[in-house]
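Here is the structure we will look at, set down as structure tokens.
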There are 2 protein chains.
Amino acid sequence: MEALAQVAALLADRTRAAICGALLDGRAWTATELAAHARVAPSTASEHLTRLIDGGLLVEHRQGRHRYVALAGPHVAELLEAMTSFAGPGPKPRGLRAASASEAMARGRTCYDHLAGKLGIALKSGLLDLGVVTADLTITPSGLVWLKELGFEPSKRQVSRACLDWTERVPHLAGAAGAHLCEVFFERGWIKRIGTTRAVVLTPAGEQGWRELGLTT
Amino acid sequence: MEALAQVAALLADRTRAAICGALLDGRAWTATELAAHARVAPSTASEHLTRLIDGGLLVEHRQGRHRYVALAGPHVAELLEAMTSFAGPGPKPRGLRAASASEAMARGRTCYDHLAGKLGIALKSGLLDLGVVTADLTITPSGLVWLKELGFEPSKRQVSRACLDWTERVPHLAGAAGAHLCEVFFERGWIKRIGTTRAVVLTPAGEQGWRELGLTT
DNA sequence: ACGACACTTCGGCCCGCGCCGAAACGTCGC
DNA sequence: GCGACGTTTCGGCGCGGGCCGAAGTGTCGT
């Protein structure tokens, strides 16, 4: 159980937790961006990043004078969401600005590489109605055909996976299929990020696209 | 991400991690037992237990002058195993005694209320061959019948669930079905604990019983 | 009623570590 | 080459928290 304490210690600091939370958007951030986000000095952030990378939670990608870091993979995102789900919805966020940001996240957001929040739930129930997935988020044979029509190509990565939502407390679609759908939706302009946050909204084009696919919103 | 840091902090201490690890056997321990296990003073253990209970990881059950504590539920066990899996197999245990104990755990152990280790993997592949579960550990309709013949009764709890193994890195059967099978095996004397640890072995009667059920070992 | 025992509370010690600013290093643009 | 900028290293500060022992509370057996 020594190993458990070590990985927990990495996440037990609010600054490091804030960094991981920011990286949950699936993108790579520079060290300075993360320092600003977590409201600490660049030197402090630098040390935290080194620790998180050494611990295997993050990977880095140096480019010129920049140090880009990102989550080490979907498994890290899943661990983070699992722990956040466990802690559950804490006290209501204070202030109008924080409250509306929180509400936007609850409506829809990316969870590393797939959709979560109410939008993720809507996608899941839509896929369920279409027979693409079963109630426990397994892809059906006909569902695989449906996905391939959207350009999905099976790879080594697990096709589908349940990811527990920390706002809705309902499992939603993760894994390669979830990631692919999210990617397609972005490409087609069906969803877009709100500012630079993880929160996303379904665009008018997205509403129409979803209807044409037979998905309910 | 504040919530994440809080739950992580609970597990970030080696003494609290050791306590949780001990409780992963699914039984209730007294405060003194846990203090001895973690090699700290009773007063120290007492404070840790209070924190873990307040954090929702443990539940207590006071009986006379004893304070029994146990994991708050399967979801806690799943979180613990997920985090341990992530950390992965650390450095080899030092010393002959520790090494053989570690090997026994790898062969077979309980993971809160179901089987894990090589024994858990064997059970999973046996159930897969029998068509009781699918490759992603969903119970098939015929599998449900098979389980009911072994006395399984569906309840509110999720029937099946994948739990990632920290020794084998392979998902095995958790959830209500996994717990029921483990219980039945104990009742029939097919498996038994090694000493007072989480490690279990398949008894000769168990080997025969598994064969009769059509399970491979 | 008494002692034994399980557990808790409190005070105090001390180590770990998160923080910063200053300074050094490396890269980029001009 | 030079300055601007992103990043890292280092020293030092201060707080949080894990540890223990001593003393107190409650329960059990006799």
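Remember, predicted model here, so these are calculated numbers, not experimental data. Here is the naming used below: chain letters follow the sequence lines, and residue numbers restart at 1 for every chain. Any value given below was found using the heavy atoms of this structure, including those in side chains, with hydrogens, waters and symmetry copies removed.
For B:R193, the CZ atom sits in a packed shell: over 12 heavy atoms of surrounding residues, nucleotides or ligands are nearer than 6.0 Å.
At whole-Å resolution of the value, CH2 in A:W29 and P in D:dG6 are 16 Å apart. D:dC19 atom C1' lies 15 Å from atom CG of B:L49, rounded to whole Å. Separating the CG atom of B:D54 from the C1' atom of C:dT8 is a distance of 14 Å, rounded to the nearest angstrom. Between the P atom of D:dG16 and the CG atom of A:D13 lies a distance of 13 Å, rounded to the nearest Å. The distance from atom NE2 of A:H48 to atom C1' of C:dG16 is 14 Å, rounded to the nearest whole Å. Taking atom CD of A:Q6 as the reference point, atom C1' of C:dG16 lies 15 Å away to the nearest angstrom. B:L34 has its CG atom 13 Å from the C1' atom of C:dA6, to the nearest Å. Between B:R65 atom CZ and C:dA4 atom C1' the separation is 7 Å, expressed in whole Å.
Map A:H66 and A:S43 each onto its nearest nucleotide of DNA chain D; the residue landing nearer the 5' end is A:H66. Closest-nucleotide positions on DNA chain C for A:Q63 and A:A41 were compared, and the one nearer the 5' end corresponds to A:A41. Of the two residues contacting DNA chain C, namely A:A9 and B:S46, the nearest-nucleotide position lying further toward the 5' end is that of B:S46.
The aromatic rings of A:F185 and A:W190 lie parallel to each other, with less than 30° between the two planes, well short of the 60° mark.
Of all non-hydrogen atoms in B:C182 and B:I191, the two that sit nearest each other are O-CD1, 4.0 Å.
Of the possible polar contacts, none joining the A:S160 side chain to the A:G175 backbone as a donor-acceptor pair under 3.5 Å is found.
Outside the 6.0 Å centre-distance limit, the rings of A:H114 and A:H180 are not counted as a close aromatic pair.
When distances run from any side-chain atom of A:R62 to the nucleotides D:dT8, C:dG18, C:dC20, the shortest one goes to D:dT8.
If you check every strand for non-hydrogen atoms under 4.0 Å, B:R51 touches sugar and phosphate atoms only. The residue B:R14 sits apart from the nucleic acid: no heavy atom pair falls under 4.0 Å.
In terms of phosphate contacts, B:R67 brings no side-chain nitrogen or oxygen within less than 4.0 Å of OP1 or OP2 of D:dG26. Using a 4.0 Å cut-off, some side-chain N or O of B:R16 falls inside it from OP1 or OP2 of D:dG18.
Between the side chain of A:T30 and the base of D:dG6, no donor-acceptor pair under 3.5 Å is found.
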